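Along the sequence shown, residues are numbered consecutively beginning with 1. Computed from a predicted model, the values in this text were never measured in an experiment. All values below were derived from every heavy atom in this structure, side-chain atoms included, with hydrogens, water molecules and symmetry-related copies excluded.
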Amino acid sequence: MSFLDTLRLWDEAVTCVDRQDLTEALRIFLSIQEPNSKICFDIGCLHLLNQNLDDAEKAFDCSIRKDEHLAVAFFQRGITFYRKKRYEESLADFQHAFKRLRGNQLIDYKALGLRYKLYACEILHNMALAEAQLGNWEKAQEHLVKALDYKTDVKLNIIDKALQSTLKQKIFKPVEFPSKVLFKPNKHYVAELEKKDYLGKAKVVASVVPQDAFSGFAPLQPQVEDGPILPKEPEVLRALEGEPHTVLFEFDPETSDELAVVPGNIVFVLQKGADNWASVIFNGRKGLVPYNYLERLEISMASKQNEGKSEPPTRKAPTRPERKPGLTPSDSSGDLQRKDTQSTDNSCIVKVRFTFNFAVSVPPGSPYAILIEKISKKLHLPSTAITLSINSEATGQIVINANTEMENVWSCASGRRITLWCNTKEQTDGKPENENKTHLVALHSYKSSNPEDLNFEEGETITLISRINKDWLEGQCDGNTGIFPASFVEEVPE
């Protein structure tokens with residue numbers, strides 16, 4: 001069967017689904033010879049709607065066999081195994097789906113023709129459910145606590161309800177895929193299926209100018225000699241969104257929703273709050289920067305010619321403004337990183353002061369073991385190499401360890417927020433230092449004009465220094481040190 005025939009039948013089938021004619025849609029799908037992985041996925045979803053679990057399993061097997069990176073196919077096959085009460089196989093498929101997210105919070109399949117977002121927290125929710133069905137209630141709780149780190153939307157509060165159910169050892173409902181949402185063929189390819197008349201119809205073109213001998217497609221236009229030359233207006237270069245500003249002073253963030261900038265950076269202000277904080281975008285990242293650190297910039301051809309001639313200001317940076325709830329601008333689109341100052345769940349936010357600042361979320365009143373486990377995962381270090389304290393070294397440390405009464409620690413929290421200090425010590429376990437370092441390989445080349453970023457080429461090896469947060473890492477390559485996106489690299493297996 002040709003590609004055009006496959007495309008035409010695929011489009012007809014999804015049109016039938018939109019008309020709620022599922023029987024005809026399934027008949028058309030099954031008539032396609034050598035279907036691709038997306039079509040096999042659509043067939044599996046329709047079988048799942050009809051409760052044909054064996055046929056659905058075969059269809060999802062075919063989809064995974066043709067595209068082993070399709071995480072949503074593993075998720076759907078896991079749902080199929082769960083309905084067939086094959087909980088061990090269901091758990092294995094959910095684990096495969098979570099692995100293919102590569103540490104991301106979600107996968108948006110819109111670009112592939114599927115209007116669906118597969119969330120990591122939903123996969124962990126179903127992994128916990130499969131463990132609960134197998135009687136592994138402790139593992140189920142671990143998966144749900146881990147899901148809290150990936151929680152991105154208020155509508156996903158089912159994680160909290162599921163965690164409460166596991167504490168009572170009660171089975172909860174799975175998160176299921178909307179089976180009527182199917183992969184659709186590329187709309188541009190479908191548009192090309194229609195026949196087009198590229199030549200068009202002939203028509204007579206006549207001149208409206210008297211005694212015009214021109215025989216082209218348009219009459220000759222009268223010309224004015226010695227006319228004045230209109231001055232060309234300067235071309236203004238505008239950003240896609242926001243107002244351009246230049247950074248006057250270096251700003252070091254203290255929370256995960258603030259953005260690090262240095263003098264000379266060009267940022268685009270999306271929103272300015274009444275407390276003198278501004279929501280800006282810089283190099284594709286969004287965050288908060290004090291507005292008194294910025295200066296409005298009119299970018300035009302003239303200013304572009306003078307680019308590089310201005311020197312950074314030498315005066316002292318202004319005082320950091322105070323953050324005030326309700327007055328600080330926020331990003332309603334959800335593109336910003338999850339803010340530790342605006343947590344919507346019932347977790348306690350622990351801000352950790354280290355060589356860099358980061359935050360973790362733990363259930364209120366958590367024991368020391370859970371707290372140190374969260375921090376050790378963030379730092380990629382064993383818990384024995386980490387020392388926590390309530391105060392900094394300058395004010396006299398109050399060390400927190402396994403013998404500490406955690407009730408006294410949590411009593412220092414204000415509004416479910418607490419700040420701790422962290423120190424680490426090197427542990428080599430008798431091995432050379434290089435054997436304890438994590439090495440990464442670049443999956444893609446990364447170039448950035450940001451001075452604190454690390455540039456590298458595809459295939460190069462990078463030594464991991466620290467994990468800034470879920471999306472950004474700090475590493476070293478070719479003698480250079482900087483930060484880079486975690487999605488651009490992959491850990492080298494030992």
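- Classification of Lys286 and Asp257 as a salt-bridged pair fails, no side-chain N sitting under 4.0 Å from a carboxylate O.
- The existence of a salt bridge linking Glu57 and Arg77 is excluded, since no basic side-chain nitrogen approaches an acidic carboxylate oxygen closer than 4.0 Å.
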### Task
With side-chain contact (heavy atoms from CB on, under 4.5 Å) as the test, would you mind laying out the steps for Val352 and Ile375 before giving the verdict?
CA-CA 8 Å; Val352 183; Ile375 297 176; 4.0 Å; yes
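- Within the 3.5 Å criterion, the main-chain N or O of Asn52 finds no donor-acceptor partner in the side chain of Asp55.
- In summary, the aromatic rings of His125 and Phe172 are positioned with their centroids under 6.0 Å apart.
- Here Arg27 does not pair with Glu12 in a salt bridge; the nearest charged N to carboxylate O distance is not below 4.0 Å.
- With ring centers used as reference points, Tyr109 lies 6.0 Å or more from Tyr116.
- Ionic pairing of Asp5 and Arg8 is present here: one or more N-O contacts between side-chain nitrogen and carboxylate oxygen are shorter than 4.0 angstrom.
- Note: Ile28 CD1 to Ile43 CD1 = 11.5 Å, rounded to the nearest 0.5 Å.
- The distance between the ring centers of Phe484 and Tyr446 does not fall below 6.0 angstrom.
- Using a cutoff of 4.0 Å between basic side-chain nitrogens and carboxylate oxygens, Arg102 and Glu490 are scored as salt-bridged.
- Remark: aromatic rings of Phe60 and Phe81 are distant, center separation not under 6.0 Å.
- Ionic pairing of Arg100 and Glu68 is not present here: no N-O contact between side-chain nitrogen and carboxylate oxygen is shorter than 4.0 angstrom.
- A distance-only check finds a donor-acceptor pair linking the side chain of Asn126 to the backbone of Val175 [under 3.5 Å].
- Look at Lys184 and Asp18 and you find a salt bridge, because one of the NZ, NE, NH1 or NH2 atoms lies within 4.0 Å of a carboxylate O, short of that distance.
- In this structure, Tyr87 has its ring center under 6.0 Å from that of Tyr82.
- More than 12 heavy atoms of other shown residues, nucleotides or ligands fall within 6.0 angstrom of atom NZ in Lys84.
- Between Phe75 and Phe94, the ring center distance clears the sub-6.0 Å criterion.
- Side chain of Asn36 to backbone of Lys38: a donor-acceptor contact under 3.5 angstrom is found.
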